[in-house]
Protein chains: 2
Amino acid sequence: MTDIPAKRKLTIEDVARQAGVSISTVSRVMNNTDYIADATRRKVQDAIDALDYRPNALARGLKQMKTDSIGLILSDLQNPFWLMVLEGIEDACQEAGYSLLILNSRDDPEKEGKNIKEFLMRQLDGIIINPASEDNPLFAALAAEAFPLVFLNRRVKGVEVDTVVADNFKGTMLAVSHLAALGKNRIAIFLYPANGISPRQERLEGYKQALAAHGLETDPALIKIVETKEDCLAAMKQLLSGSGKPDAILSTNNRLTLEILDALGTLNIAVPQDIALLGYDETEWSKHLNPPLTTIRQPAYEMGREAAERLILAIAAKRRGETMQPVTVQLEPTLVIRESCGEILQ
Amino acid sequence: MTDIPAKRKLTIEDVARQAGVSISTVSRVMNNTDYIADATRRKVQDAIDALDYRPNALARGLKQMKTDSIGLILSDLQNPFWLMVLEGIEDACQEAGYSLLILNSRDDPEKEGKNIKEFLMRQLDGIIINPASEDNPLFAALAAEAFPLVFLNRRVKGVEVDTVVADNFKGTMLAVSHLAALGKNRIAIFLYPANGISPRQERLEGYKQALAAHGLETDPALIKIVETKEDCLAAMKQLLSGSGKPDAILSTNNRLTLEILDALGTLNIAVPQDIALLGYDETEWSKHLNPPLTTIRQPAYEMGREAAERLILAIAAKRRGETMQPVTVQLEPTLVIRESCGEILQ
DNA sequence: GTGATTTCTGAAAACGTTTTCAGAAGCTTT
DNA sequence: AAAGCTTCTGAAAACGTTTTCAGAAATCAC
């Protein structure tokens with residue numbers, strides 16, 4: 001334990017003294033508001049550079065009642081999908097001169113509440129959130145006071161807030177249509193449990209309607225809701241032991257896809273020979289799996305960018321004293337065809 | 001554009017008025033410092049709850065000269081390795097009551113500098129960083145004033161700062177030994193270009209020494225430094241066209257591993273029949289590849305946790321007016337054996 | 001009943017900025 | 001030469017907290 005004398009932090013006053021001007025002048029140079037004589041500006045700038053001075057963002061934010069930064073609350077950073085989203089958000093923020101703070105709710109409503117409060121206390125100018133809960137009273141409270149807020153990937157009903165989602169209904173429609181076109185007629189779907197949040201419901205709905213559109217009936221036995229790896233294996237066993245075995249599986253999450261692949265592996269079922277598999281969400285490893293995976297690709301980067309741009313617009317409007325009418329933007333998923341459904345490629 | 005009257009933000013004064021006490025008293029209740037009569041405490045707490053008041057962190061931080069939060073600067077969020085690290089950091093922070101801000105340098109020294117300055121301006125109590133550059137003068141400056149700082153995964157020579165790394169030397173040693181034990185004697189290694197940062201060098205060193213230890217000589221032709229997917233394919237072609245073809249490939253990064261797999265695929269080389277492949281860094285998809293990938297696993301979660309705990313210790317010490325002697329912690333990688341090196345499994 | 005504690009509370013001074021207000025100095029215009 | 005603009009600058013008042021200081025009220029010891 002050696003004792004290094006902790007240098008006192010530099011303040012605007014030190015710069016003012018060094019430059020031989022008042023602190024107001026220093027402030028004016030930094031924010032370049034108001035008239036400043038060229039000579040003065042140079043003196044001050046030199047002092048700032050010489051001392052390597054950086055203004056205290058807390059003091060600045062306190063006075064200005066803004067922080068030029070926005071918060072992002074994600075529910076599952078482990079999912080590569082979110083990393084693409086994140087990239088879009090980052091780019092948009094950087095372009096607009098905002099900085100981005102990230103918190104992870106791990107899909108826990110309680111943690112989500114804490115995260116929001118954390119951001120509010122820090123006086124962030126706006127929040128982008130992938131909601132983990134549907135009934136969080138904070139949402140309504142924020143909406144009521146026109147706090148800049150964007151929901152990402154999940155709708156929250158009953159709350160009028162800017163929302164950016166992918167068309168989940170269309171996603172499973174595309175998937176089922178693709179499978180049906182390949183002659184599959186016993187298409188099972190695997191989902192993680194609900195937590196009442198929208199994409200799951202919409203995906204299931206798309207699945208059902210697409211089946212109907214292709215003249216197939218929905219068999220409840222083919223709808224599997226699993227929570228753990230073990231659930232998944234059990235569900236698969238059950239599915240394959242009965243008489244009406246499926247000839248295709250539609251996974252609705254990319255971690256789930258890996259679990260399904262595992263289950264099929266241990267049961268010695270070959271993809272796509274014995275059964276077709278179609279995954280939701282494109283990842284960097286999708287094409288490297290055995291076999292290369294056919295997937296539904298959501299426009300993750302664009303979703304992130306859209307959400308951030310929307311939020312930044314709302315913040316600007318609020319500063320002008322206006323309030324924008326909340327909007328829901330829905331982006332379209334696409335089908336990425338590879339080999340896991342038994343497609344014939346040339 | 002409807003106009004919702006923006007509610008004025010609540011301050012401690014509103015709470016004081018509502019509770020019929022002074023603002024000092026409110027502050028004392030919130031921070032529970034000092035004696036407070038039970039009746040008063042209750043009154044104040046009720047007022048806080050009734051108004052749903054949350055203190056302004058900017059004002060608080062300004063006065064207290066601390067923010068109880070630390071910053072994390074990562075260079076490549078896309079790599080799943082970092083997500084595991086992140087989880088460890090998050091857990092440690094949460095346990096200690098710190099909140100965590102994340103910025104992404106994208107391995108760009110300039111952006112890294114901006115990120116550090118951003119954090120400093122925000123008066124964060126400490127920073128964990130995966131350095132993108134080796135000669136950033138900010139590092140030395142921070143070290144000189146005993147600012148709490150931890151380097152993660154990469155050493156920066158010439159700067160005495162807490163550092164948490166994995167033993168990269170041992171990592172490639174393990175890998176080569178495993179391959180040699182399986183009878184491989186033409187072991188190629190693939191690396192991304194340097195940017196002067198340590199792991200690469202150490203991994204290469206471990207590779208060479210392990211070869212020597214097994215009586216194999218290092219052939220420079222077997223060391224491939226590639227930057228892009230195309231480089232990778234080109235390198236692979238060259239490698240396989242010559243006379244001294246390799247019988248094993250050691251990849252040093254998991255995105256690189258996927259690129260290698262692609263290259264082998266297009267060249268119609270089968271793993272592990274034609275060539276063995278061993279990957280660095282364990283990911284959730286490692287075991288789902290074709291074939292399941294043998295890898296070097298780095299203790300990512302532990303690295304994150306260690307780094308955060310170390311930083312938090314340093315912050316606490318600094319508050320007591322002490323300075324801790326910088327320490328380098330090195331964690332051990334392990335070998336995860338699967339099938340991609342032609343192992344015989346029962 | 002006096003003095004010394006202990007318990008409680010409020011006024012006011014910070015923290016480091018930005019911004020308002022007012023005024024000085026240098027130009028034009030009359 | 002007076003008046004009116006510009007152009008520039010500084011003093012001082014915020015912003016919303018915590019903390020110091022001082023003092024009031026209650027409790028205790030004699």
Side-chain angles (χ1 to χ4, degrees), chain A residues 6-45 47-48 51-69 117-118 120-125 319, chain B residues 6-45 47-48 51-69 117-118 120-125 319:
Chain A
K7 245 195 305 188
R8 198 181 53 78
K9 261 178 193 148
L10 285 172
T11 75
I12 197 173
E13 210 178 333
D14 300 307
V15 179
R17 192 173 317 114
Q18 166 104 359
V21 298
S22 76
I23 62 168
S24 343
T25 302
V26 177
S27 172
R28 277 189 274 251
V29 169
M30 290 192 302
N31 303 31
N32 68 354
T33 154
D34 270 333
Y35 301 109
I36 290 284
D38 271 358
T40 318
R41 158 163 287 125
R42 218 169 12 249
K43 267 195 304 187
V44 171
Q45 196 55 59
I48 290 177
L51 297 175
D52 191 27
Y53 164 75
R54 270 180 295 278
N56 181 326
L58 300 181
R60 182 186 285 221
L62 176 59
K63 178 64 192 176
Q64 296 199 132
M65 310 257 238
K66 63 167 192 170
T67 52
D68 286 328
S69 41
K117 287 179 184 164
E118 173 78 31
L120 291 177
M121 295 202 341
R122 276 179 197 281
Q123 314 297 114
L124 296 198
D125 297 336
R319 288 198 186 142
Chain B
K7 243 194 307 187
R8 198 181 53 77
K9 260 178 195 150
L10 286 173
T11 75
I12 197 173
E13 209 176 334
D14 299 307
V15 179
R17 192 172 317 113
Q18 166 104 359
V21 298
S22 76
I23 61 169
S24 343
T25 302
V26 176
S27 172
R28 277 189 273 251
V29 169
M30 290 192 303
N31 303 32
N32 67 355
T33 154
D34 270 334
Y35 301 109
I36 290 283
D38 271 358
T40 316
R41 158 163 287 125
R42 220 171 9 250
K43 267 195 305 187
V44 172
Q45 195 56 57
I48 290 177
L51 297 175
D52 192 25
Y53 165 74
R54 270 180 295 278
N56 181 325
L58 300 180
R60 183 187 285 222
L62 176 59
K63 178 63 191 174
Q64 296 198 131
M65 310 257 238
K66 63 165 192 171
T67 52
D68 286 328
S69 40
K117 286 178 185 164
E118 174 78 32
L120 290 177
M121 296 201 341
R122 276 178 198 281
Q123 313 297 114
L124 296 197
D125 297 336
R319 287 199 186 141

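Chain letters run A, B, ... following the sequence lines, proteins first and then strands; every chain starts at 1. Just the heavy atoms: all of them, side chains too, but no hydrogens, waters or symmetry mates, feed the values below.
Within 4.0 Å of B/Ile36, counting heavy atoms only, lie sugar-phosphate atoms of the nucleic acid but no base atom. B/Met30 comes within contact range of the sugar-phosphate backbone alone, with a heavy-atom separation under 4.0 Å but no base atom that close. Backbone-only contact: A/Thr11 has heavy atoms under 4.0 Å from sugar-phosphate atoms and none from a base.
Nucleotide C/dA12 holds its P atom 13 Å from the CD atom of B/Glu13, rounded to whole Å. Computed from coordinates, the A/Arg60 CZ to D/dC15 P distance equals 19 Å when rounded to whole Å. Between the P atom of C/dC15 and the CG atom of B/Asn56 lies a distance of 18 Å, rounded to the nearest Å. Rounded to whole angstrom, the span from the CE atom of B/Met65 across to the P atom of D/dT18 amounts to 15 Å. Counting to the nearest Å, the P atom of C/dT18 and the CG atom of A/Asp68 are 12 Å from each other. C/dT17 atom P lies 6 Å from atom CD1 of A/Ile12, rounded to whole Å. Spacing between atom CD1 of A/Ile23 and atom C1' of D/dA14 amounts to 12 Å, rounded to whole angstrom units. Distance CZ (A/Arg28) to C1' (C/dT19): 9 Å, rounded to an integer number of Å.
Between B/Arg41 and B/Gln64, the residue anchored nearer the 5' end of DNA chain C, judged by the nucleotide with its closest heavy atom, is B/Arg41. Toward the 5' end of DNA chain D, the nearer of the two residues B/Ser27 and A/Thr25, judged by each one's closest nucleotide, is A/Thr25. Closest-nucleotide positions on DNA chain C for B/Lys63 and B/Ser24 were compared, and the one nearer the 5' end corresponds to B/Ser24. Nearest-nucleotide positions on DNA chain D for A/Val21 and B/Leu62 put A/Val21 closer to the 5' end.
Under the 4.5 Å side-chain criterion, counting only non-hydrogen atoms from C-beta, B/Ser69 is in contact with A/Arg122. For the pair B/Val15 and B/Leu10, the minimum side-chain heavy-atom distance is 4.5 Å or more. Looking only at side-chain heavy atoms (C-beta outward), A/Ile12 and A/Met30 come within less than 4.5 Å of each other.
Distances shorter than 4.0 Å separate none of the side-chain N or O atoms of A/Tyr35 from OP1 or OP2 on C/dA24. Within the 4.0 Å cut-off from OP1 or OP2 of D/dG16, not a single side-chain nitrogen or oxygen of B/Tyr53 is found.
Set against C/dT9, C/dT17, D/dC8, the side chain of A/Ala37 has D/dC8 as its closest nucleotide. Of the candidates D/dT17, C/dG10, C/dG16, the closest approach to any side-chain atom of B/Ala59 belongs to D/dT17.
Side-chain contact annotation: A/Ser27 with A/Ser24, donor-acceptor N/O pair under 3.5 Å absent.
Donor-acceptor pairing under 3.5 Å, judged by distance alone, is absent between the side chain of B/Ser22 and the base of C/dA11.
The closest donor-acceptor contact from the side chain of B/Asn56 to the backbone of B/Leu58 lies under 3.5 Å.
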